[in-house]
*Asks:* 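Sharing a structure here in structure tokens format.
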Amino acid sequence: MQEKIPIEVIVRFTEKGEIRPLKVNFGDKIYLIDKVYNKSLATPKGSFGVALEYSCLICGKRRKIYFDRYENLWYIMKRTKEEKILVPYNPLNYDIFND
């Protein structure tokens, strides 16, 4: 399960009306967005509806931030503790003793 966490984002609007995120305010810290790799429409797991997904480099780490155009809300998705990352099954390196 993933949890939607609202964040505050400082953005710039281009001449064409595109949104470019510049900084993220989270708690009492401001994080600079170094680079935006990709912008696409996506439906994040644990969320309803379609949002703009920005794949960004924030303080040297790749993160995805989302903008819901209908609610005017920026957010990130955080994994909860009960969610387990499943490794895909590969018969070539499958070890029956370390399942």
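What you see below is based on every heavy atom in this structure, not just the backbone, and it leaves out hydrogens, waters and symmetry mates.
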*Asks:* Would you say Val11 and Ile76 are hydrophobically clustered, going by side-chain heavy atoms of ILVMFWY under 4.5 Å?
*Replies:*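 Yes, Val11 and Ile76 fall within the same hydrophobic cluster.
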*Asks:* Is it true that Phe13 and Val24 fall in one hydrophobic cluster, defined by side-chain heavy atoms closer than 4.5 Å?
*Replies:* yes
*Asks:* So which pairs with a foot in residues 6-29 pass side chain to side chain donor-acceptor pair (under 3.5 Å), sequence neighbours left out?
*Replies:* Glu8-Asn25
*Asks:* Can you hop from Leu41 to Met77 via hydrophobic side chains spaced under 4.5 Å?
*Replies:* no
*Asks:* Between CG of Leu22 and CG of Asp34, what distance do you get to the nearest 0.5 Å?
*Replies:*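 Here the interatomic distance stands at 11.5 Å.
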*Asks:* Which side-chain N or O atoms in residues 50-68 pair as donor and acceptor under 3.5 Å with protein atoms at least two apart or in another chain?
*Replies:*
unit_1 : atom_1 : unit_2 : atom_2 : d
Glu53  : OE2    : Tyr66  : OH     : 3.1
Tyr54  : OH     : Ile19  : O      : 3.3
Asp68  : OD1    : Tyr70  : N      : 3.1

*Asks:* Please check if Val36 and Tyr75 belong to a single hydrophobic cluster, counting links between Ile, Leu, Val, Met, Phe, Trp and Tyr side chain heavy atoms closer than 4.5 Å.
*Replies:*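 As far as the 4.5 Å side-chain criterion goes, Tyr75 and Val36 are not connected within one cluster.
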*Asks:* Are Ile33 and Phe26 connected into the same hydrophobic cluster when the rule is that any two of I, L, V, M, F, W, Y join if their side-chain heavy atoms are below 4.5 Å apart?
*Replies:*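 Looking at the clustering, Ile33 is in the same group as Phe26.
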